[in-house]
Each structure stands twice: as structure tokens, then as C-alpha cells.
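To start, the structure itself, in C-alpha cells.
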Amino acid sequence: MALNYLNLVGNAELMKQLNYAMIYRLIVQQSPISRIQLAEISQLAPASITKITRQLLNTKLIKEVDIQQSTGGRPAVSIVAKFDYYQAISIQLSRSHVMIELYNLGAKTLASKRFPLNDFSQQQTQNYLISLIELFCLEQQKKIKNLIAISVVMPGVIDSVKGIVRYTPHIDVNNWALAEILTEKFSVPIFIGNDVQSLALAESYFGTTQSVDDSILVRVHRGIGSGVIINQQLLMNHNQSACEVGHIQVNQLGERCHCGNFGCLENQVINVEIEKRARLLLEQGYKSKLTPSKCDILTICQLANQGDELAEKLIRSAGEHLGRAVAIMVNIFNPQCIVLAGELTKSPEILLNAVNNALNSQSLKQLRENLLLKCSSLDDRSAIGAFALVQQALFDGSLLMKLLDEK
Ligand SMILES: [Zn+2]
């Protein structure tokens, strides 16, 4: 793998791709920007900037605008990204739902549809997914002018390089070559990935971690997932899964986890475990506004915010366990920001306090001094994570060069 990469460095096509990608990314993230500024920041020759921006203009990925200078006189021409010419369909396959959304290149949702997902086999899910995309395209045909990609995210081990679903908790898959199947059907580039890793990427492009290089997102839902961003790029290992934070042991005497270990984080803080604990304590006579029939995670968060003692304790305890695992990650990765996502973040103050307490006692002082701890700013049930995969392919130049070649 390393050797292949070395071979590619000398490749002129790759150099071209990287330069176009860099200029496009600068325009998206720093617009309005002038050609002179682009040359200064990128260190490319002004002639190269002229050539690259001409092609991006022809491809309708950017546009020119007149900016009135503060000193008066003739307006200077600046460049901004053009977001509304192309669209992408982004899909989140969760355990019980399929969320299909249409985005423009500025990450704006143009349409959104939610469908139930039953206990399907791989083949049934595939047929269902294809029929839903076809229906969505038909319904949204006025908004879909130039479709450039379809992206799909789901929980599990997803090989995003080969486009194969290796494991996903709710469907019994056998090396499901989803990207290839959808490419044949819809004739556009297909991107697939893990839902939480993609959400971490989305935070770094559009959310709370835009201003930092290194961050970690941890999402608590039916399981626990995490995504590590280093140098504004998603950390991926050889089989595309990294940081199974849910199986860090946080309680030596905890219950047995489905992975075979005892006291895994996942067994302490996922929503159903918190709800189960609430029900148990209520049945044993704990005084609370919660009732055994109404103690879902959102109600627990809501009552915790109103000062209900049991609800508050449940969130705090989950936060402390979570904090233990987060502290380990801080010690290993030294990120600038930790982002928490999932229903628990509906009690942001109690949760962040509890995680912070654990961090203060269990992570290295130097590593936590300037560490930011935040709740996700994105809706983790939307398909924004899937759209982040399209953004990634534009920013690394792979999708960008396809668009340029087609023109
Ligand atoms: Zn486990």
C-alpha cells in the first residue's frame, strides 16, 4: 500500500487532481476570494490559477462576483463557490428507517423523505433501496437538475474504498457490493460509509469542528460509534473501521456484552440500557416523575433538565462512563475537540459536566488544557453524514476531476 502511494506521487495526473482539489476547497471554505489570494495561499503560479479557475467556471462549480473595494474605485472580481448547479442524493440506512435527502453542494437540504425499514434480507433491502431511490428521483425531478452522486451510510463495518458492506447490525450481509450495484443502476458515482464516521466528517466540514484540524465524535444511540478526524481527514485503518469505543471496558463488574467481554461502555450507556436501569429503579420504588411505562430516553433527558433526581442521576452516570472512554481517546489522540452526539445530548449541561469530570481526573492535564467539549450541532438522524462523503470526494479531487472531464 505504501509503495503504491509512492508511485502515485510522481504521477502528473494525481498532481493535477491535488491542485484542482486544493483550489476548489479554498474557494468553498474561504470565498469570496480573489485569484491573487488563491495564488498566494496555494503557492501555485498565477497562470495555473487562471487555468484552474477557468475550468471550474466552465464546469459551473464556481462563479465570479464583483466585490466593492473599501477604498472605492473599480470593483474587484472575486470568486465564490456555486452550489446550486449540481445535486447529490444522500441516504442514511438506520436500523429501522431509510432517510433519503437531496442536497445542493452547499450542504443545503432540498428535499427529505423518511421510509420504514423492516427486517429484510440483503437482497430485499437492495431491491427496496433501489425502488425508493427511483421513486425519490421521480418525485423530485424538478429539483434534480444535475445529479453528481449518490451516497449511503449505515452502521457497521463498511469498506468505503471497495464499496462493500462487510457487516451491518440489522441486515445479514455477505460482502454486499452495494456501490457497484447502485452504480450500474443509476450511472453516477456512489459513495458508501459508516454512519458515525461520516457524521464526524460532516461536523468537520459543516458543523462544530470546522475550525480545528483534529477532533473525535462519539455518538450514543443503539450502539456507540466514533469517528476520528486527524488533519481534517477521517482516520481509516486497513478494514475501514477504527475506534470501537463501545467495547472499552468501563466497569469490571458490569454485565456481559454481546462481544463476550464484561462491562463494556456500550452496555452502560446506550439508550436502551439507560431506559432499562430507569425502569428497574422505578419498580424498586425510586421516587421520580418517570413512570415504568414512560421512561424513554427523551423523557429521561427532558425530566433531567427539569431537575428530576433519578433522571439527572441516570444521565450523569452515563456521562461519567462515557467520560472514562473519552479520556482514553484523549490520551491516545490528543484531539482539539470532542463532539458528543445522540439523544443523551438533549441534556447537554448534565452530560457535558459529567464527561468533563471524568476527563479532568483521567486524561493528561496537558492534553485537556485547551480541549473543547461540545454537543453535535448537526441532526444525527439526517443524511448529512452521507452528504459529507460527496463533499470529501470533491475536496480530495476524485469527484471533481470526473466533473471536469465530463465537460
Ligand atoms: Zn463489548
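Residues take their numbers from the sequence shown, with the count starting at 1. Ligands are counted one by one from 1 in listed order, and the atoms in each one are counted from 1 as well. Everything quoted here is computed from the prediction, not taken from an experiment.
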For residues 292-301, please give each side-chain donor-acceptor pair under 3.5 Å, one per line with the distance, not counting sequence neighbours.
residue: S293; atom: OG; partner: T291; partner atom: OG1; Å: 3.4
residue: K294; atom: NZ; partner: T299; partner atom: OG1; Å: 3.4
residue: D296; atom: OD1; partner: T299; partner atom: OG1; Å: 2.6
residue: D296; atom: OD2; partner: L298; partner atom: N; Å: 3.3
residue: D296; atom: OD2; partner: T299; partner atom: N; Å: 3.2
residue: D296; atom: OD2; partner: T299; partner atom: OG1; Å: 3.2

_Holding to side chain to side chain donor-acceptor pair (under 3.5 Å), I want the full list of residues that pass it with D172, two or more places apart in sequence or in another chain._
none

*CG of N370: more than 12 outside heavy atoms within 6.0 angstrom?*
no

_Please give me the protein atoms (N, O or S only) lying under 2.8 Å from the Zn ion (ligand 1), ordered by chain and number._
H247 ND1, C257 SG, C259 SG, C264 SG

Please tabulate, for the side chains in residues 181-189, all donor-acceptor contacts under 3.5 angstrom to protein atoms that are two or more places apart in sequence or on a different chain.
residue: T183; atom: OG1; partner: A179; partner atom: O; Å: 2.6

*Could you walk me through whether E320 and R316 pass the salt bridge (charged side-chain N to carboxylate O under 4.0 Å, His left out) check?*
CA-CA 6 Å; E320 281 162 5; R316 197 176 308 129; 5.4 Å; no

*Residue from D214, I229, V228 passing side chain to side chain contact (heavy atoms under 4.5 Å, CB included) with L235*: V228

